[in-house]
S.K.: 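Structure provided below as structure tokens; questions to follow.
Since we're looking at a predicted model, the values are computed, not measured. In this chain, residues are counted from 1 in sequence order.
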Amino acid sequence: MKRIAVFTSGGDAPGMNAHVRAIERTGEKRGVEVIGIIGGYSGMILGHFEVLDRFRTANIIDRGGTVLKTSRCPEFEEVEGRIKAAHEIRKHGVDGIIACGGDGTFHGAHCMWQEHGIPIVGTPGTIDNDLWGTDFTIGYDTAINTAAQAIDKIRDTADSHGRLFFIEVMGRHAGFIAMDVGIACGAEYVAVPETLTDIDELYQRILTQGLDKRTVVIVGEGDELGGAMGISKKLEERYGVSSKISILGHIQRGGSPTVRDRVLASRLGAASIDALLEGKTDIMVGEMSGQITHVPLEKTWVERKPVPSYLTDLAYILV
Ligand code: F6P
């Protein structure tokens with residue numbers, strides 16, 4: 001294997017740049033040329049390829065976003081789109097690919113191997129931490145720290161005014177971010193997509209706290225009652241309780257990566273090149289209990305990664 005391409009795809013995640021840097025550096029050491037595909041699967045279809053070297057990847061380890069850019073690409077979900085992409089991969093003499101992203105990215109990668117026999121490994125790059133086969137995903141640690149900083153600030157004003165706040169965090173269908181920041185910020189209640197939210201129980205919790213006191217409720221965006229807006233509305237309809245809503249949104253995806261994310265991104269970058277050189281394909285390279293893992297791509301979305309029960313139990317005790 002002489003030429004390996006890397007791309008970032010789906011929602012960007014802090015640490016993706018550290019990851020690309022590590023892949024380029026490892027490639028140099030192993031005598032492999034590393035190509036960057038610009039703009040995720042869209043860039044692959046359009047043939048936007050660029051040779052990476054240590055100068056192009058210098059001074060990016062601390063930068064948020066992704067210098068390779070990213071996209072959500074409906075065209076790649078179609079067979080024809082993937083044929084075009086495979087054509088570009090072959091035209092550029094690429095022997096193997098590293099796809100950094102979440103489950104959508106991995107579905108695409110799996111198809112590239114199945115339909116075109118192009119060796120490909122995935123690396124977990126998403127703030128959601130919702131991929132089975134790795135303890136943490138690149139970007140998660142930064143996202144929870146960013147969210148916690150914002151929540152601490154909101155708690156100050158909630159406390160001064162004695163207000164009820166619903167603060168919505170990202171995570172699509174997973175409650176990892178909500179649960180971790182809920183515990184870290186001393187929230188009075190945490191609503192996650194994995195469990196049904198009980199409005200009556202929530203109201204009792206608010207009463208215990210005191211209707212004129214600060215109450216901070218963290219809500220995962222995928223909560224079945226419709227996120228922070230939905231819960232706030234239901235509470236008002238049933239009990240006449242008014243509240244403030246704060247949706248943290250994309251702030252959670254940006255910013256300089258934490259040390260943990262930089263180290264994880266660097267380690268998985270080096271390990272992904274080595275996996276391809278060992279002949280591995282159609283796998284995700286992750287990390288569990290400090291060890292590098294190789295798990296079939298399909299398993300990362302077929303198996304559901306639960307929010308650890310020790311976290312939910314702890315939240316229940318502490319709120
Ligand atoms: O998967 C990462 C994520 O930030 C989710 O938490 C969120 O639901 C989604 O991406 C938002 O995607 P977009 O930026 O494309 O709207």
S.K.: Is Asp156 salt-bridged to Lys153, going by a charged N under 4.0 Å from an acidic O?
M.R.: no
S.K.: Looking only at the side chains, is there a donor atom on one of Thr258 and Asn145 sitting less than 3.5 Å from an acceptor on the other?
M.R.: no
S.K.: Do Ser9 side-chain atoms and Gly40 backbone N/O form a donor-acceptor pair below 3.5 Å?
M.R.: no
S.K.: Looking only at side-chain N and O atoms, does Asp223 offer a donor or acceptor that is under 3.5 Å from a partner on Thr197?
M.R.: yes
S.K.: May I ask you to decide if Pro74's main-chain N or O and Tyr41's side chain share a donor-acceptor pair within less than 3.5 Å?
M.R.: no
S.K.: Think Lys84 forms a cation-pi with Phe76, using NZ or CZ under 6.0 Å from the six-ring centre and within 45 degrees of its axis?
M.R.: no
S.K.: Using only heavy-atom distances, determine whether the side chains of Thr66 and Asp12 contain a donor-acceptor pair under 3.5 Å.
M.R.: no
S.K.: Is Arg56 salt-bridged to Glu50, cutoff N-O under 4.0 Å?
M.R.: yes
S.K.: Would you check if the side chain of Ser256 reaches a backbone N or O of Asp62 as a donor-acceptor pair within less than 3.5 Å?
M.R.: yes
S.K.: Strictly distance-based, threshold 3.5 Å: is any side-chain N or O of Asp95 a donor or acceptor partner for the main-chain N or O of Ile4?
M.R.: no
S.K.: Output yes when a side-chain donor or acceptor of His19 lies under 3.5 Å from a complementary backbone atom of Ala265, and no otherwise.
M.R.: yes
S.K.: Quick one: does Thr300's side chain have a donor or acceptor within less than 3.5 Å of a partner on Leu131's backbone?
M.R.: no
S.K.: Between Lys29 (side chain) and Glu24 (backbone), is there a donor-acceptor pair under 3.5 Å?
M.R.: no
S.K.: Of all residues at least two apart in sequence or in a different chain, which pass the side-chain hydrogen bond (donor to acceptor under 3.5 Å, both in side chains) check with Arg30?
M.R.: Asp274
S.K.: What's the verdict on side-chain hydrogen bond (donor to acceptor under 3.5 Å, both in side chains) for Asp282 and His110, showing C-alpha distance, side-chain angles and the deciding distance?
M.R.: CA-CA 6 Å; Asp282 201 23; His110 181 61; 2.8 Å; yes
S.K.: Is the backbone of Glu287 close enough, under 3.5 Å, to the side chain of Thr134 for a donor and an acceptor to pair up by distance?
M.R.: yes
S.K.: Mind checking what makes salt bridge (Lys or Arg N to Asp or Glu O under 4.0 Å) contact with Arg54, not counting sequence neighbours?
M.R.: Glu28
S.K.: Are a donor atom and an acceptor atom from the side chains of Ser272 and Thr123 found within less than 3.5 Å of each other?
M.R.: no
S.K.: How are the rings of Phe176 and Tyr140 set relative to one another: parallel (under 30°), tilted (30 to 60°) or perpendicular (over 60°)?
M.R.: perpendicular
S.K.: Only one of Ile37, Ile118, Ile89 forms a side-chain contact (heavy atoms from CB on, under 4.5 Å) with Val94, so which one is it?
M.R.: Ile89
S.K.: Is a side-chain donor or acceptor of Gln252 paired with a backbone partner of Gly249 at a separation under 3.5 angstrom?
M.R.: yes
S.K.: Without swapping roles, check the side chain of Asn129 against the backbone of Thr137 for a donor-acceptor pair under 3.5 Å.
M.R.: yes
S.K.: So for atom NZ, which belongs to Lys280, do other residues, nucleotides or ligands contribute more than 12 heavy atoms lying within a distance under 6.0 Å?
M.R.: yes
